[in-house]
Amino acid sequence: MAEAATGFLEQLKSCIVWSWTYLWTVWFFIVLFLVYILRVPLKINDNLSSVSMFLNTLTPKFYVALTGTSSLISGLILIFEWWYFRKYGTSFIEQVSVSHLRPLLGGVDNNSSNNSNSSNGDSDSNRQSVSECKVWRNPLNLFRGAEYNRYTWVTGREPLTYYDMNLSAQDHQTFFTCDSDHLRPADAIMQKAWRERNPQARISAAHEALEINEIRSRVEVPLIASSTIWEIKLLPKCATAYILLAEEEATTIAEAEKLFKQALKAGDGCYRRSQQLQHHGSQYEAQHRRDTNVLVYIKRRLAMCARRLGRTREAVKMMRDLMKEFPLLSMFNIHENLLEALLELQAYADVQAVLAKYDDISLPKSATICYTAALLKARAVSDKFSPEAASRRGLSTAEMNAVEAIHRAVEFNPHVPKYLLEMKSLILPPEHILKRGDSEAIAYAFFHLAHWKRVEGALNLLHCTWEGTFRMIPYPLEKGHLFYPYPICTETADRELLPSFHEVSVYPKKELPFFILFTAGLCSFTAMLALLTHQFPELMGVFAKAFLSTLFAPLNFVMEKVENILPSSLWHQLTRI
């Protein structure tokens, strides 16, 4: 019975909703007709005449007070709406209307549909949005001592935020430490060093770790019956200590490279020993995983040092060897370093081969992947591209492919073109980036702007076509075109990653909601009426009467025509029936 009653109520509610959705005009005219029929018993004409008489007896002071109060109330609503919009990014009135009135008027409740269709958790789009707001390690991050600190010495500004450096500290603890570090004193010291906030304390701890010469084993060798000799074996130097010194103490790239080469010797030895013992238990397996991360990090940074020092071919070879030796460590995104180095060599065929491997639908995209693909397609047509000629004859197939590639790249990260076209100034890239965010745009443009300038006409083609992307993306932006919808969390994360002196690029721009503009106009209009009524009461009275008579003239005309058709005694005739 309960289920039948519930089903009946649901049916009744759906019928009412349907009637309000499609038959609201019929309902409206029926109500108007009933009001007209009942005008005599309800004494509508008498009430209207008494109201008009009352309004005629009011003094101008009343109208001044009325318009002033209306202006004050609308001003308070405007202030509240503006505060709510600045804090939450939406209009309070619009949100309430969509949340509570739309379901009553037959609108589709997105939340209920999502809940019914996602029994295993959130919807796919929500999961994609959350995962896309994940912060990633910048594949091309600079050296703190040799680059970031030098910038601070020259400008007095801090290029890295505390949030960014804290994320780096967490990365170091994850990749360079393991549970068995307490067995080796040097690693135990470094485990504490990665948690230190003070740079000098970290550097001092790294030097302390390098000074430790632990006795690995003592072997007694009887040479003479009355005496013995102890053979002392020392542990190798601590590779992570060299990493910290290369990153933070070295003031030039050349110094950093020397320290990384020493770290490579120590790290390679630890890696080979742990590789032999990795299957002897979970502890040895964790050690091997840590030593692998250390070795990959050192080789990658050595390749980046070679790239910085102008030995680009050597850097490319080192990156290729590293990717072959450790093909499963794609989380380090070494292919982005390789793409940048190949573009410097202008080896566009090799760049295309790398893109064919990594620009796959199953792999996460990046600005480097999308914009490099756009650059290669633009390179084929940019030297002869002319907007005037293209508008006359239309786009060729190659030009269309280049434009579509640019649209794809801009939709993935809409912040990049302003940096490539130098419409916005660049800063040093952070150590972490947010994909599709302003931080990723800065990191890409910082290293790739020179490659776009090297291709003749590429920036001109970008300038002529990139804004067309926003006309192609459907509105509202909850929908997507070539990618899933743009995440709404990028602005908050970018403000944490980027320094305070940088103006964060925001997309999409938050347009003022209709109700804020409406209340602003209402407040201004009522304030102006209050002022005019106070200054010119008689003239405003004449104007108000003329305005009201003009406003109600069509209604009076319709009422006269209706009264000529329907007799005024219709109600009495209906009561007699």
Side-chain angles (χ1 to χ4, degrees), residues 137 139 143 171-194 205-219 221 230-247 250 255-307 311 314-335 337-338:
R137 183 80 177 179
F143 296 85
D171 292 341
H172 296 152
Q173 294 175 50
T174 302
F175 292 118
F176 300 153
T177 63
C178 65
D179 295 336
S180 62
D181 282 344
H182 64 279
L183 300 177
R184 295 191 290 190
D187 290 333
I189 293 174
M190 290 306 302
Q191 193 173 37
K192 296 179 182 179
W194 296 122
H207 282 294
E208 182 183 352
L210 290 176
E211 291 171 1
I212 291 181
N213 289 326
E214 181 186 5
I215 298 178
R216 175 67 180 268
S217 61
R218 295 180 178 182
V219 181
V221 182
W230 295 88
E231 180 185 353
I232 299 177
K233 293 184 179 180
L234 300 179
L235 280 177
K237 294 291 185 179
C238 181
T240 54
Y242 282 117
I243 291 176
L244 193 147
L245 294 177
E247 291 286 351
E255 292 178 12
E257 187 180 33
K258 291 179 181 178
L259 290 170
F260 274 121
K261 286 181 178 178
Q262 292 178 283
L264 180 61
K265 294 178 182 178
D268 191 57
C270 291
Y271 171 76
R272 295 185 186 281
R273 281 190 296 272
S274 63
Q275 189 178 29
Q276 297 173 358
L277 301 174
Q278 62 175 316
H279 301 297
H280 292 187
S282 59
Q283 174 181 333
Y284 294 103
E285 186 177 352
Q287 286 183 3
H288 178 65
R289 189 184 311 115
R290 188 271 309 274
D291 293 337
T292 302
N293 293 335
V294 169
L295 185 63
V296 171
Y297 185 89
I298 294 171
K299 289 187 175 182
R300 177 185 191 154
R301 293 305 259 178
L302 277 172
M304 294 175 71
C305 287
R307 169 69 182 90
R311 306 195 307 270
E314 179 185 345
V316 168
K317 183 179 183 305
M318 295 172 69
M319 292 174 192
R320 289 188 184 277
D321 293 341
L322 185 59
M323 294 170 66
K324 290 179 181 178
E325 188 177 359
F326 302 97
L328 299 180
L329 293 181
S330 59
M331 59 182 175
F332 290 103
N333 293 325
I334 304 173
H335 60 276
N337 300 84
L338 179 61

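- Here the shortest heavy-atom pairing between C238 and D187 reads SG-OD1, 3.5 Å.
- The line from CD1 of I298 to CG of L259 is 11.0 Å long, rounded to the nearest 0.5 Å.
- A pairwise comparison of heavy atoms in A315 and A303 identifies CB-O, 3.3 Å as the closest pair.
- Atom-to-atom distance recorded for E314:CD and C305:SG is 10.5 Å, nearest 0.5 angstrom.
- Under the rule for a ring-ring contact (aromatic ring centres under 6.0 Å, His included), the partners of Y297 that lie at least two apart in sequence or sit in another chain are F176.
- H172 is not listed as a side-chain neighbour of E247, based on a closest heavy-atom distance of 4.5 Å or more.
- Atoms CZ and CD, from F143 and E255 in turn, are 12.5 Å apart once rounded to the nearest 0.5 Å.
- To the nearest 0.5 Å, atom CZ of residue R307 and atom CG of residue L338 are 11.5 Å apart.
- The CZ atom of R290 sits 10.0 Å away from the OG1 atom of T292 when rounded to the nearest 0.5 Å.
- Take A206 and apply the side chain to side chain contact (heavy atoms under 4.5 Å, CB included) test, not counting sequence neighbours, and it matches M190, A241, L244, L245.
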Please lay out, stage by stage, how I243 and R301 fare under the test side-chain contact (heavy atoms from CB on, under 4.5 Å).
-> CA-CA 9 Å; I243 291 176; R301 293 305 259 178; over 6 Å; no
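- Shortest non-hydrogen contact noted between C178 and Q287 is SG-CG, 4.0 Å.
- Using a cut-off of 4.0 Å between Lys/Arg side-chain N and Asp/Glu carboxylate O, E208 and K192 are scored as not salt-bridged.
- For the residue pair F260 and L302, the shortest heavy atom distance occurs at CB-CD2, 3.5 Å.
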From CA spacing to verdict: side-chain contact (heavy atoms from CB on, under 4.5 Å), I334, F326 = CA-CA 10 Å; I334 304 173; F326 302 97; over 6 Å; no
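- We find the CZ-CG distance between R300 and N337 to be 4.0 Å, quoted to the nearest 0.5 Å.
- Sequence neighbours left out, the pairs with a member in residues 259-269 that pass salt bridge (Lys or Arg N to Asp or Glu O under 4.0 Å) are D268-R272.
- In this structure the side chain of Y242 never reaches within 4.5 angstrom of the side chain of K258, judged on heavy atoms.
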